[in-house]
Number of protein chains: 2
Amino acid sequence: MLNINNIISKDYLSSKNIKPSFARIKIFEYLSNNHIHPTIDEIYHALIDEIPTLSKTTVYNTMKIFIDNKLVKLVSIEDTETRYDINVQIHGHFKCESCGKIYDFNVDLHNLLTDDLNGYNIHEKNIYFKGICNTCSNNSNTN
Amino acid sequence: MLNINNIISKDYLSSKNIKPSFARIKIFEYLSNNHIHPTIDEIYHALIDEIPTLSKTTVYNTMKIFIDNKLVKLVSIEDTETRYDINVQIHGHFKCESCGKIYDFNVDLHNLLTDDLNGYNIHEKNIYFKGICNTCSNNSNTN
DNA sequence: TTACAAGTTTGTAATGATTACAATTATATG
DNA sequence: CATATAATTGTAATCATTACAAACTTGTAA
Ligand SMILES: [Mn+2]
Ligand SMILES: [Mn+2]
Ligand SMILES: [Zn+2]
Ligand SMILES: [Zn+2]
């Protein structure tokens, strides 16, 4: 089942000093092709048909490795669900309270620095909104 | 043990349609006097001496009521620890990765609206940074 | 090819925060 | 006081995550 994407993913993982095992490649490709900020459970169920021996522990292990090596960022919006994002650039998240989807949005956080954080060493910036998404708003209007 | 603060807290809870029981008053006052974004466990241990019969379930119940009635906001920074904030205005949080403290900072999020969210109904805006706080930076410099 | 070492994956058990729930206790009102 | 209503409590259940040891893979060298 070697194809170009497979090779690219493999090389990419290698370039990040992650041994490109079958499970890791598949998990990485799932994240790359599905920018939906999935949970561990969603990743697991998306791949269990293709990798029948996959265990959730492996998904947990793999995500930990990806995070440690900065391939993936953890998304903490609800404290009840841990999600993962293959997009590690600074960007905003909008969580729809109706359908539960998490949308990305672009945001420039460089110029909003405040005096309150003078002398603070900032490693990471996160922003998220909550509300009702476009699709859900339209659906409820036409009822 | 009636004092002016107690009466004020009592009236305030009543004005928000929350029956001002002893536990609720004490929890509310703890949050008002300690802007440290405490966990359930911290609230519980801070009050157990004063209210020896207090149960954690009551702290959970009370925080749920406070949140439902918008007296308190939930702070989701780490998915491993749920914290609570008596300050419900929009403001930023800075979590120090060294000492674990969560600092407030002022931020104006009104003008950073992006086209990506046109048609989206925004209910809530959250922003948090992570890094090393002033105090921890200075401590490590003088080692 | 075979043997071995190192790393990966797996299943199961442990942990720990949160929730469910029924019993007990407190509070308010007549 | 008597009663109804609401709040509190302790215990058990739930569920996501982590710990861990055994089994399996992979790469390398004899
Ligand atoms: Mn994203
Ligand atoms: Mn705050
Ligand atoms: Zn929606
Ligand atoms: Zn610090």
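Quick note on labels: first sequence line is chain A, next is B, and so on, each numbered from 1. Note that the structure is predicted; figures quoted are calculated from it, not measured.
- We find that B/Lys130 and B/Glu78 are joined by a salt bridge, their nearest charged nitrogen and carboxylate oxygen being less than 4.0 Å apart.
- Within the nucleic acid shown, B/Ser21 comes within 4.0 Å of sugar-phosphate atoms alone, with no base atom in reach, counting heavy atoms only.
- With rounding to whole Å, A/Ile25 atom CD1 is found 14 Å from D/dT25 atom C1'.
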Q: Test side chain to side chain donor-acceptor pair (under 3.5 Å) on A/Thr82 and B/Asp79 and set out the steps.
A: CA-CA 6 Å; A/Thr82 304; B/Asp79 57 336; 2.4 Å; yes
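- What separates CD of B/Glu78 from C1' of D/dT17 is a distance of 15 Å, to the nearest Å.
- Rounded to whole angstrom, the span from the CE atom of A/Met63 across to the P atom of C/dT8 amounts to 16 Å.
- Checked against the 6.0 Å centroid criterion, the rings of B/Tyr120 and A/Phe129 do not qualify as a close aromatic pair.
- Atom pair B/Ile51:CD1 and D/dT9:C1' shows a separation of 13 Å (rounding to whole Å applied).
- We find that NZ of A/Lys64 is positioned 15 Å from C1' of C/dT8, with the value rounded to whole Å.
- The separation between A/Tyr60 atom OH and C/dT9 atom C1' is 16 Å, rounded to whole Å.
- Between A/Asp41 and B/Arg24, it is B/Arg24 whose nearest contact on DNA chain D lies nearer the 5' terminus.
- At the heavy-atom level, A/Asn61 lies under 4.0 Å from base atoms of the strands shown.
- In this structure, of D/dT9, D/dC20, D/dA6, it is D/dA6 that holds the atom nearest to the side chain of B/Lys19.
- Counting non-hydrogen atoms under 4.0 angstrom, B/Thr80 reaches nothing in the nucleic acid.
- The residue among A/Ile40 and B/Leu54 whose nearest nucleotide of DNA chain D is located toward the 5' end is B/Leu54.
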